[in-house]
*Asks:* 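My questions will all concern the structure given below.
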Amino acid sequence: MSTRALAGPRPRLSRRTALLVALLLVLGAAGIVPAKQYLAQRARMTALEERIEALTAERRRLQARVDRLKDPAELERLARECLGMVKPGEIAFVGVPKGGGTLPSDC
C-alpha cells in the first residue's frame, strides 16, 4: 500500500469553490481603497469640527469685546488709560514705574 492511500482521500478544490474564493479576494481588495478613503474623511471631519469649535469660541470672545466697546463708560476708560486723554479742565498726572511703563493688556 502506498502512503497516499493510507492518508485518505485528499479534499479537492472544485471550480465553484475556487471561483468563490477568487471573487471574495477581488471584492476584498476592491473594498480596501474606499475603506481607507472613508477613514481619512472621518479624520478630516473630526479635525474640521475641532477647528469649528475653536473658531466659535474665538468669535464669542471677540463679540464680547465688541459689546464692551459699545459701552460709553468702557470707551472713556480706554481713552483715559490707553491714550492718556482727559476731559477739558482736568489735569493729567502720569506716574511712570521704575522699570518703564507698559500699556494695560486690553489697549
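Side chains are part of it too, since the values below use all heavy atoms of this structure and drop only hydrogens, waters and symmetry mates. Keep in mind the model is a prediction, meaning the values are calculated, not measured.
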*Asks:* With heavy-atom distances below 4.5 Å as the criterion, would you say the side chains of I91 and V86 are in contact?
*Replies:*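 No, too far: nothing below the 4.5 Å cut-off.
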*Asks:* What's the separation between atom CG in L83 and atom CG in L78, rounded to the nearest 0.5 Å?
*Replies:* 8.0 Å
*Asks:* Just by modelled atom types, is the Y38 backbone N or O under 3.5 Å from a matching donor or acceptor in the Q41 side chain?
*Replies:* no
*Asks:* Would you give the length of the straight line joining atom CD of E58 to atom CG of L62, rounded to the nearest 0.5 angstrom?
*Replies:*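 Those atoms lie 4.5 Å apart.
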*Asks:* Can you tell me how far CD of Q37 sits from CD1 of I32, rounded to the nearest 0.5 angstrom?
*Replies:*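 Between I32 CD1 and Q37 CD, I get 12.5 Å after rounding to 0.5 Å.
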*Asks:* Distance from L20 atom CG to R15 atom CZ, nearest 0.5 Å?
*Replies:* 15.5 Å
*Asks:* Any Lys/Arg nitrogen of E90 or R80 sitting under 4.0 Å from an Asp/Glu carboxylate oxygen of the other?
*Replies:* yes
*Asks:* Could you go through the side-chain contact (heavy atoms from CB on, under 4.5 Å) check for M85 and E76 one step at a time?
*Replies:* CA-CA 9 Å; M85 298 179 84; E76 182 178 344; over 6 Å; no
*Asks:* Would you compute the distance between atom CG of D67 and atom CZ of R60 and round it to the nearest 0.5 angstrom?
*Replies:*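 D67 atom CG to R60 atom CZ measures 13.5 Å (nearest 0.5 Å).
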*Asks:* Output the distance between atom CZ (R68) and atom CD (Q63), rounded to the nearest 0.5 Å.
*Replies:*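 Atom-to-atom, R68:CZ and Q63:CD are 11.0 Å apart.
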*Asks:* Given side chains that start at C-beta, do those of D71 and L75 come closer than 4.5 Å, heavy atoms only?
*Replies:* no
